Structures are given as structure tokens and as C-alpha cells.
Colleague: 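Below: one structure in C-alpha cells.
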Amino acid sequence: MVFLDEDGTFRNIFDNIPLFSSIFKNREAVRFDYVPRNEREIPHRRKELRKLALILSSVLRDSVPSNVFMYGKTGTGKTVVAKFVLDQLIKKADELKKTVFVDYINCRISDTSYRIIVQLTRLLDPKIPFTGLPYDEIYMRLVEKINSQKVFFIVFLDEIDQLMKRKDDKILYSLVRMNSELRDGGLSVVGITNDLKFKETLDSRIISALSDEEIFFKPYNANQLRDILENRAEIAFHKGVLEETVIPLIAALAAQEEGDARIAIDLLRLSAELAEREGSLIVTDKHVKRAREKIKDDVLNKAIVSLPFHSKLVLYSVASLKKGQRDIITTGKVYSTYRYLCQKLNVNPLSSRSVSEIIRELDTVNLVSYDVGSIGRGRTKKIHLEVECQKIIDLLEEEI
Ligand SMILES: Nc1ncnc2c1ncn2[C@@H]1O[C@H](COP(=O)(O)OP(=O)(O)O)[C@@H](O)[C@H]1O
Ligand SMILES: [Mg+2]
């Protein structure tokens, strides 16, 4: 690119970069956090939307809604349904001049019971400090505030399983027992989880209180994913930029990935971005395939770079043996290469038993595989690398 004008002065470096996309009309519509503007933009969730709205509508008639438990695999539309209904509820309450307090909390972000109770209480009493007060005192303040202000409070707790992971489910106990301490007003919980086994991990009293009503989200099939994608594509892209086969292809691929709409929309966005970057005016199957490779590659890279240090050394040892064209890679050879690396790096090597354990772990994450057989004396493992050796060497070279 030349940045000199005819008279020899420099041009602005941005002059050659197009400011209008020939592909995207509205990029937001394929972002993961896009909030649909109306019900039509959420195809195939009519039943779930209606059920949630119907349950929560009690609050507009001044009675406390039942608690709701929503569950289903990742990418089945739970968060989008919850946020849409929440948004509509606030609008309706405003219209009817009713005071309803609603809060949406993602437990992956607000990840302790303490943080959550503070966040909720601050909605009614902004003077509560973020830290310092004991949990029980904040809980009592919340009860007091709801009683004195006679309000209805609906709390959406998304990804509640994240709390159980930290064995911190105090907030669930507090929220489900709260109604028995309220004289006026009330509190309802909409609990959401991607974990289908979540119920088994909870105290049965809590789960039965949390799930007065249940809404299950089934994975989408390829046809449903097609409708979702077409709907988004209409908002996101200029007319005619997607080749006809693109959406059916993405829908079929995502249907194989457990009917996850997030994967489908991500793939659509990335395919279009790749096309845009190479200056193509249309998005084709070729872009979809490349986008898919890229996503897979990113997942793999992340898995490799986030391994513990000694696992990286072991994986690197297998890769360098493979590169050295060893036909048969045994545990013994891996261990001696690993020890050599440790010596070079001046770190203490783990025992050969621990290295065997690491090899087993690398097998469970599909980076290597092995068969157990007898070679010469005794039993040993024959190790196969499941990823191209150069890739591992390139990724880990800098760290080793
Ligand atoms: N029926 C649908 N219509 C339109 N978009 C959807 C639908 N279901 C899911 N999505 C979109 O797919 C992505 C994943 O959905 P999300 O609600 O986050 O799933 P979950 O919370 O079940 O993991 C989001 O970007 C969401 O907007
Ligand atoms: Mg979600």
C-alpha cells in the first residue's frame, strides 16, 4: 500500500480502509449478547416464553409468583428467553405503574453468596457497603426493606450451578426461605442452569422449593437452527451476501454439536468475518469450513497452553520424539526425553509414575492416545500423538 499522494505528502493510513462493510448491515445481531427486539426474533421458544411470562404475570396482579427452575444444555436459549421476558415485564410494570424490582444475576460473574446478597440488597438500600457487614445482617436488611417498602422482587439467578462448584449455596437457602419471613411484598427466584444433573447435587428441600414450576429447554434440531440463523442473518447482513447453502450447512454442523445455537451463531459470524477480511462480497461454504477449522484450532490451542507445566513438558517430549520419526514411542522413551528437558530447564523432574499419570490425563483430553502392550520385557504403553507434532512444538517452544 502506498501512502504518498502525488505531491509527495503522506496520506492518512485509514484512507484505504473501507468504513462501510459490504457484508454486515448490523454486526450486533450476530454477537453473543444480542438481545432480540421482539418475540418473532426468538423462533421455536414460544411455549417457553409464554410459560415464563404467565408465571411471572402474578406480580402484575399483586401476588407473589412461583419460583421457576429453567434447565437445558448450553445454547438452548435459556438466557435469551429469561432476559427477554425480564425486559418485557419491566416495561409492562411501568405501563401499569406498578413497582416491581427485578434483578438478573449471572453466578459465574457474581460468584459468591455474599456478593449476590449485597447486590440484591443494594437495589432497595443503596447505602449498604459492598464489603464489611456480616452476611446475616445484610439478609435481615433485605427482609426488612421488602417488608417496609411492600415490594415484589424477582431475582433471576443464571448459571446457578457455578455456586455449587464452589460449595457456596447459602444464597439459595436464604432466598427460598425468605417468603416465610415476609409479611408484605414477596420474593421469587428464577433459577437457571446448563447442568442437567444440577438437581441431584442440591438438597431436596431446596430443589423442591426452587422448582415450583419447571421449564425444560430441549436442544435445537437442524431445522430449528436454520430458522434461528435465517432470522439473525436477515438483521445482520446485506441482502444476497450469504450463498444459499451457507445457513443449511451451519445448521447441520451445529445440530451435531448438541443443537447449540451459540455455536451456530458464532460460526455464522466468523464465516462472514473471514469473507469480509479477504474482501469477498459473498459468504460461501468455503468460509464456513475455514471458520470451523479456526474455531476447532482455537479450542485446541487453548487446551494446550492451559495445561500444567509438567504436562506441557510431557506433551512436548512426545511431540519431539514423533518429529524425530520414532516409529514406536514408549513410556520409557517419553520419560527419558522429559528428564532431559527438565535438566536443560533446571527443574526437578517428577517420578516416572507421575509422568505415566500425566500421559493418562493427556489421553482423556484427546491430545495423545495409547495402547498397552508388551514390548521386550514387561508391559509398556505405546503412545500416539493425536495432534500434529509441529503444532505442539510451535505452541510450546517459547515456554520451554
Ligand atoms: N430461539 C432462539 N432464537 C434466536 N436466538 C436464539 C434462540 N435460542 C438461542 N439463541 C441465541 O443463541 C445464543 C445462545 O443462547 P443462550 O440463551 O445464551 O443459551 P443458554 O443460556 O441456554 O446457554 C444467544 O446468542 C441467543 O441469543
Ligand atoms: Mg445461559
Side-chain angles (χ1 to χ4, degrees), residues 24 26-53 68-89 102-111 116 155-165 189-199 210-211 214-237 242 247-248 250-273 291 295 299:
F24 288 101
N26 175 359
R27 224 174 266 272
E28 296 300 308
V30 278
R31 273 179 56 101
F32 72 96
D33 54 356
Y34 176 75
V35 184
R37 297 162 299 185
N38 54 51
E39 227 185 304
R40 210 179 58 83
E41 289 186 13
I42 315 180
H44 301 294
R45 284 298 179 242
R46 190 182 161 83
K47 223 174 60 223
E48 293 77 1
L49 285 163
R50 291 291 156 116
K51 185 164 177 189
L52 182 60
V68 190
F69 181 65
M70 314 214 299
Y71 64 110
K73 287 191 175 162
T74 312
T76 51
K78 300 176 299 295
T79 300
V80 74
V81 162
K83 286 193 167 169
F84 182 75
V85 172
L86 179 157
D87 198 54
Q88 298 266 291
L89 176 65
V102 186
D103 201 8
Y104 170 88
I105 292 175
N106 184 314
C107 304
R108 193 188 287 280
I109 298 162
S110 299
D111 60 351
I116 295 171
V155 181
F156 286 73
L157 287 181
D158 204 349
E159 308 201 39
I160 30 177
D161 46 292
Q162 294 297 316
L163 294 171
M164 295 305 289
K165 263 199 195 152
V189 181
V190 180
I192 307 170
T193 179
N194 295 326
D195 179 358
L196 298 182
K197 295 212 173 95
F198 179 68
K199 279 176 144 183
L210 259 184
S211 54
E214 285 190 5
I215 309 179
F216 173 62
F217 287 66
K218 245 173 95 171
Y220 296 113
N221 62 33
N223 287 334
Q224 294 172 325
L225 289 168
R226 241 159 109 154
D227 291 339
I228 293 171
L229 289 167
E230 265 160 18
N231 200 293
R232 286 297 171 93
E234 213 182 291
I235 315 166
F237 304 115
L242 296 190
I247 285 182
I250 296 178
L253 292 171
Q256 287 165 16
E257 309 269 353
E258 312 204 307
D260 185 333
R262 174 164 325 143
I263 292 181
I265 295 173
D266 271 355
L267 202 48
L268 181 61
R269 194 200 58 252
L270 192 58
S271 307
E273 281 172 359
I295 291 173
V299 171

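Small disclaimer: the values here were computed from a predicted structure and weren't measured. When a ligand or atom number is given, it counts from 1 through the structure's own listing order.
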Colleague: Between Asp195 and Lys197, does any NZ, NE, NH1 or NH2 come within less than 4.0 Å of an OD or OE carboxylate oxygen?
Modeller: no

Colleague: Please confirm whether the ring centroid of Tyr71 lies under 6.0 Å from the ring centroid of Phe216.
Modeller: yes

Colleague: Could you give the distance from CG (Leu242) to CG (Leu268), rounded to the nearest 0.5 Å?
Modeller: 6.0 Å

Colleague: Spell out, as yes or no, whether a donor-acceptor pair under 3.5 Å connects the side chain of Gln224 to the backbone of Asn221.
Modeller: yes

Colleague: Measure across Leu225 and Ala264 and return the closest heavy-atom pair with its distance rounded to 0.1 Å.
Modeller: CD2-CB, 4.3 Å

Colleague: Report the protein N/O/S neighbours of the Mg ion (ligand 2) that fall below 2.8 Å; do not count waters.
Modeller: Thr79 OG1

Colleague: Under 30°, 30 to 60°, or over 60°: which ring-plane class applies to Phe69 and Phe198, parallel, tilted or perpendicular?
Modeller: parallel

Colleague: Over all heavy atoms of both residues, which pair between Lys73 and Lys78 is shortest? Give the atoms and the distance, please.
Modeller: O-NZ, 2.8 Å

Colleague: With a 6.0 Å cut-off (strictly less than), is the heavy-atom count around CD of Glu258, excluding the residue itself, greater than 12?
Modeller: no

Colleague: Are the side chain of Arg232 and the backbone of Ala29 linked by a donor-acceptor contact shorter than 3.5 Å?
Modeller: yes

Colleague: With hydrogens left out, which residues have an atom under 4.0 Å from ligand 1, given that only heavy atoms count?
Modeller: Phe32, Glu41, Ile42, Pro43, Arg45, Lys73, Thr74, Gly75, Thr76, Gly77, Lys78, Thr79, Val80, Asn194, Tyr220, Ile228, Arg232, Ala261, Arg262, Ile265

